Amino acid sequence: MSENLIGYMDDQGNIIDTQSAGENCTATPIEYDNSEAALEIIRHSTAHLMAQAITELYPNSQFFVGPVVDEGFYYDFRVDEQIGENDLKAIEKKMKELIKKKYKIEKYEISKAEALKKFSKDDLKLKVMERIADDTVSIYKQGEFEDLCRGPHVPALRFLHNFKLTRVAGAYLGGDENSEMLTRIYGIAFADKESLKAYLTMMEEAKKRDHRKIGSEMELFMFNEESGAGLPFWMPKGAKLRYKLESILHKAHLTRGYEPVRGPEILKADMWRTSGHYACYGDNMYLTEIDGQEYGIKPMNCIGHIQIFKQTQKSYRDLPLRYYEYGVVHRHEKSGVLHGLLRVREFTQDDAHIFCTPEQIASEVIEVVEFVDAVMKLFNFDYTMEISTKPEKAIGDDDVWEMATQGLKDALNENNLPFTIDEGGGAFYGPKIDIKITDAIGRKWQCGTIQVDFNLPERFEVEYVDEDNTRKQPVMIHRAILGSFERFIGILTEHYAGEFPFFLAPTQVIFVPISESHVVYANMLKKKLLAEGIDSEVYDKNDSLNKRIRTAEKQRVPYVVVIGDEEVTNNTVAIRNRRTREQYNLTQDEFMVELTQQLQEGKI
RNA sequence: GCCCAUAUGGCUCAGGGGUAGAGCACUUCCUUGGUAAGGAAGAGGUCGUGAGUUCAAGUCUCACUAUGGGCUCCA
């Protein structure tokens, strides 16, 4: 047996640890390294080692589950003491002490009945066993410590060295909000020191591009304690960035046959009763009273668009009719889930509603999907699509749901677009396709969404006159591509680490005149750029040249342009291109051509 | 909402039961410099909010507010 053998993998991809495998196991051996299978074993055992250390430090602790997850492992447990980040070091130290005792990890099996008796005083273990169907359970033992566990584990503690406990958190027992909250400690482990170090470095890098950090460094947006949580303020730089994104998208909507509309921010509560939001979404709505009547601030824009559609009589010739709005909505998100721009209580959706016939659903959905793809390509985003089906809390008939869901699947299938299914994840009024993009730290965020809705047109009695002069009900397709400007800009910021493409950068050019005599030329160029819709600044503060270049660079602007005697005399510019990290000289005309070309890149 | 942590000048942070420090930023002056920090002087905070303990509280306790890490991943 190899020194480095820590388990086997059978034909089905199941991991068998050395404790479970017989003497002559013929399955593929798993060596101690950073392979997926090896890491799973190592991390699982590290979780146990952590539990053992916690038991020694906090003798009253009781353990629930300690699985391996995408990034490392965790263990949920109940403990009398409060454990904070500062206690993690002590636990790590104890873990290292335990390793020195060179325990083997042994396994034995007992019947479930015996196990129930053995752990009769441990209600968490009993809870765990409730979820086990088998008649026998396995127990792993290392030194004095033993734990009910399915495995797999490394043969001995000597395989565990390169780990780090990363954070302590609270977690509901079984993930149920109404259950008791246990303490959870997360950790990570690798087969070698270098990989652990690389992982920790990567986490540091991810922190550096955190949109909250960059957003405050670049003065894009802010929050304010006195004003309330989850309510973002857009500072001049952020507002410029946002305006550019809005403009790009505005043009893209017009070329795709959308028409701009706008509804009020607040509507009578009866509207929300009719729509079903009051019943299904009321907990998340901000309600108020005006002149003795209840009103609700809109959490969605659909109602406004429906009213506009209904204002004039529509013919089948008007369909598909596409209304779009940068709709400001308010939603009461739980305080604990707020997160920078990625989860806020007031945000602006790039929202549209397409009124069409059932026959037009597939082609409209395809067009939206193409629109989504164009936007994602513009920013080089990877994204995935997911179809969500009927949730528990829903309105509308089952067969209506079925028809709409099938419509979405057909649209994607016919175009060979891959998707996954989220059973029960739909909105209460219809099935949907969600577009999820991955941010710099690998987190997935739902951005765009395409939702088919047969319910609202019925509830609001939306109609059009068909070819045969009868009144029919159109279908509504709700869709957003960015999702919200807030979240999307948050993700963009992390994606680009603040180095936005030229067509989005809040300040696109910074001029640094070498001395006072060059300021006039710089200001003239600034004006010229502004006429082309390009934002620039002139850094003529009384600082040294080097200092001003440094300050300009730190702003992450695409172009820093130095202006001196040479440039003024020859009508040229000396460019520092921050995106390509190159330095070169251009004539004024060449410069204008280069910039306007880059503006064009933002066209979709 | 729940668990844990954090909250000091605009920003980043140090300090720590006896009435606050640094760097950057800011203001003024000198310097007019060719590609990532020239020099000098100066202004600015009562330590998130409220209450309590104490002769004395940024410093201890409690509440609140805000921020951060979590709350699907099954022995």
Side-chain angles (χ1 to χ4, degrees), chain A residues 44 47-48 51 63-71 73-76 78-79 81-88 112 115 119 124-134 136-140 147-152 166-186 207 210 212-213 216-217 219 222-231 283 332-340 422 425 512-519 540-555 560-567 574-576 578 583 585:
Chain A
H44 196 174
H48 267 232
F63 293 85
F64 187 52
V65 297
V68 172
V69 290
D70 286 347
E71 281 202 32
F73 61 86
Y74 68 75
Y75 223 118
D76 282 351
R78 183 195 288 144
V79 64
E81 292 82 356
Q82 288 194 340
I83 297 185
E85 304 268 339
N86 296 332
D87 302 310
L88 295 184
K112 194 167 172 187
F119 294 110
L124 289 181
K125 282 275 172 282
L126 296 178
K127 278 234 165 55
V128 171
M129 278 188 277
E130 275 175 24
R131 311 200 287 188
I132 302 174
D134 298 353
T136 54
V137 296
S138 55
I139 294 184
Y140 283 80
D147 196 13
L148 186 70
C149 180
R150 181 178 59 178
T166 48
R167 47 187 170 245
V168 53
Y172 294 108
L173 199 161
D176 178 359
E177 202 171 11
N178 300 312
S179 286
E180 170 191 3
M181 179 153 279
L182 303 175
T183 301
R184 172 176 294 183
I185 296 181
Y186 283 93
K207 252 188 208 166
D210 189 311
R212 292 165 300 190
K213 183 173 150 63
S216 111
E217 278 170 14
E219 298 181 359
M222 55 176 258
F223 292 90
N224 177 252
E225 183 178 340
E226 282 82 49
S227 310
L231 304 171
D283 292 346
H332 183 216
E333 301 289 351
K334 288 179 181 175
S335 61
V337 305
L338 300 174
H339 180 98
D422 177 13
V512 183
I514 289 176
S515 72
E516 248 170 77
S517 60
H518 311 122
V519 174
D540 57 353
K541 212 185 122 193
N542 185 13
D543 273 328
S544 70
L545 177 67
N546 281 357
K547 179 67 181 290
R548 285 177 292 145
I549 287 169
R550 176 182 152 84
T551 312
E553 286 287 343
K554 279 173 65 179
Q555 292 298 308
V560 175
V561 175
V562 177
I563 304 291
D565 282 338
E566 216 174 288
E567 286 71 31
I575 293 172
R576 284 173 69 108
R578 195 179 152 82
Q583 243 172 277
N585 297 301

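Nothing here was measured: the structure is a model prediction, and the numbers come from that model. What's counted below: heavy atoms across the whole structure, side chains too, no hydrogens, waters or symmetry copies. In what follows, chains carry the letters A, B, and so on, assigned in the order in which the sequence lines appear, proteins first and then strands, with residues in each chain numbered from 1.
- For the P atom pair drawn from A43(B) and A66(B), the interatomic distance equals 37 Å after rounding to whole Å.
- In this structure, Gly66(A) and Asn224(A) both approach RNA chain B, and ranking their closest nucleotides by distance from the 5' end singles out Asn224(A).
- If you check every strand for non-hydrogen atoms under 4.0 Å, Glu566(A) touches a base.
- Minimum interatomic distance between His44(A) and Pro152(A) (heavy atoms only, all atoms of both residues): ND1-O, 3.4 Å.
- For the pair Ser544(A) and G38(B), the criterion of a side-chain N or O lying under 4.0 Å from OP1 or OP2 is met.
- Taking only side-chain atoms of Val337(A), from C-beta outward, the nucleotide of G69(B), G1(B), C73(B) with the closest atom is G1(B).
- Contact annotation for Lys541(A): backbone-only contact, meaning every heavy-atom pair under 4.0 Å involves sugar-phosphate atoms and none involves a base.
- Classified by its glycosidic torsion, G21(B) falls in the anti category, the angle being over 90° from 0.
- For the OP1/OP2 pair of G39(B) and a distance below 4.0 Å, the side-chain nitrogens and oxygens of Lys547(A) include no atom meeting the criterion.
- Residue Val560(A) is out of contact with every strand shown, counting any heavy-atom pair closer than 4.0 Å.
- Using Watson-Crick or G-U wobble geometry with both donor-acceptor distances under 3.5 Å, A66(B) finds its partner in U6(B).
- Between the side chain of Thr166(A) and the main chain of Tyr186(A), a donor-acceptor pair closer than 3.5 Å is present.
- With hydrogens and angles ignored, the 3.5 Å screen pairs a side-chain donor or acceptor of Lys112(A) with a backbone N or O of Ile132(A).
- On the C1' atoms, G45(B) is 15 Å away from A7(B), given to the nearest whole Å.
- For the pair Asp87(A) (side chain) and Gly84(A) (backbone), a donor-acceptor distance under 3.5 Å is present.
- With RNA chain B read from its 5' end, the first of the two nearest nucleotides for Ala229(A) and Gln583(A) is the one closest to Gln583(A).
- Counting any heavy atom pair closer than 4.0 Å across all strands shown, Gly336(A) reaches a base atom.
- Between the base of U31(B) and the side chain of Asn542(A) there is a donor-acceptor pair shorter than 3.5 Å.
- Within the shown strands, G23(B) is the pairing partner of C11(B) under the Watson-Crick or G-U definition, both distances less than 3.5 Å.
- Using a 4.0 Å cut-off, no side-chain N or O of Lys207(A) falls inside it from OP1 or OP2 of G68(B).
- Only the P atoms considered, G17(B) is 44 Å distant from C73(B), to the nearest whole Å.
- Across all strands shown, C60(B) forms a Watson-Crick or G-U wobble pair with G52(B), both key distances being under 3.5 Å.
- Nucleotide G38(B) holds its C1' atom 12 Å from the CZ atom of Arg548(A), rounded to whole Å.
- The backbone N or O of Phe63(A) sits less than 3.5 Å from a side-chain atom of Lys125(A), completing a donor-acceptor pair.
- Atom CD in Glu81(A) sits about 17 Å away from atom P in C3(B), given to the nearest Å.
- Put simply, the side chain of Asp176(A) gets close to the backbone of Asn178(A): a donor and an acceptor are under 3.5 Å apart.
- Atom C1' of nucleotide C3(B) and atom CD1 of Ile185(A) are separated by 12 Å, given to the nearest angstrom.
- Between the CG atom of Asn546(A) and the P atom of G39(B) there is a distance of 12 Å, rounded to whole Å.
- Among the atoms of the strands shown, none is found under 4.0 Å from any heavy atom of Ile139(A).
- Of the side-chain N and O atoms in Tyr172(A), none sit less than 4.0 angstrom from OP1 or OP2 of G70(B).
- Base-pair partner of C71(B): G1(B) (Watson-Crick or G-U wobble, both distances under 3.5 Å).
- One P atom belongs to U8(B), the other to G50(B), and the distance between them is 16 Å to the nearest Å.
- Contact annotation for Ala115(A): no contact, since no heavy-atom pair falls under 4.0 Å across all strands.
- On the P atoms, A63(B) is 41 Å away from A25(B), given to the nearest whole Å.
- Pair assignment for A40(B) gives U28(B), based on Watson-Crick or G-U wobble hydrogen-bonding distances that are each under 3.5 Å.
- Distance noted for atom P between C29(B) and G21(B): 29 Å (whole Å).
- Out of A37(B), G34(B), C4(B), the shortest distance to the side chain of Val168(A) is found at C4(B).
- The base of G34(B) is paired with the side chain of Glu567(A) by a donor and an acceptor separated by under 3.5 Å.
- For the P atom pair drawn from U28(B) and G68(B), the interatomic distance equals 36 Å after rounding to whole Å.
- Contacts of Gln82(A) with the nucleic acid, taken as non-hydrogen atoms under 4.0 Å apart, involve only primed sugar atoms and P, OP1 or OP2.
- The distance between atom CG of Asp87(A) and atom P of U6(B), rounded to the nearest whole Å, is 11 Å.
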Margin query: Apply salt bridge (charged side-chain N to carboxylate O under 4.0 Å, His left out) to residues Glu180(A) and Lys127(A) and explain how you reach the verdict.
Written below: CA-CA 12 Å; Glu180(A) 170 191 3; Lys127(A) 278 234 165 55; over 6 Å; no
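- Atom CG of Asp210(A) and atom C1' of G68(B) are 10 Å apart (whole Å).
- Arg131(A) comes within contact range of at least one nucleobase, with a heavy-atom separation under 4.0 Å.
- With distances taken from any side-chain atom of Met181(A) to the nucleotides A36(B), G34(B), C71(B), the minimum falls on C71(B).
- Asp543(A) has its CG atom 13 Å from the C1' atom of C29(B), to the nearest Å.
- OP1 or OP2 of G69(B) lies within a sub-4.0 Å distance of a side-chain N or O belonging to His339(A).
- The main-chain N or O of Pro513(A) is found under 3.5 Å from a side-chain atom of Arg548(A) such that the two form a donor-acceptor pair.
- The side chain of Tyr74(A) places an N or O atom within less than 4.0 Å of a non-bridging phosphate oxygen (OP1 or OP2) of C73(B).
- If you check every strand for non-hydrogen atoms under 4.0 Å, Arg78(A) touches nothing.
- A20(B) and C24(B): their P atoms are spaced 23 Å apart (whole Å).
- Backbone-only engagement by Arg167(A) is indicated by non-hydrogen atom pairs under 4.0 Å involving sugar-phosphate atoms exclusively.
- Among the atoms of the strands shown, none is found under 4.0 Å from any heavy atom of Tyr140(A).
- Glu217(A) comes within 4.0 angstrom of nothing in the nucleic acid, heavy atoms only.
- Side-chain N/O atoms of Arg212(A) include one lying less than 4.0 angstrom from OP1 or OP2 on G69(B).
- Side-chain atoms of Val65(A) and Arg131(A), non-hydrogen and from C-beta on, do get closer than 4.5 Å to each other.
- If you take CG of Leu338(A) and P of G1(B), they are 9 Å apart, rounded to a whole angstrom.
- Using a 4.5 Å cut-off on side-chain heavy atoms (C-beta onward), Phe223(A) and Leu338(A) make no contact.
- Using a 4.0 Å heavy-atom cutoff across all strands shown, Val69(A) reaches at least one base atom of the nucleic acid.
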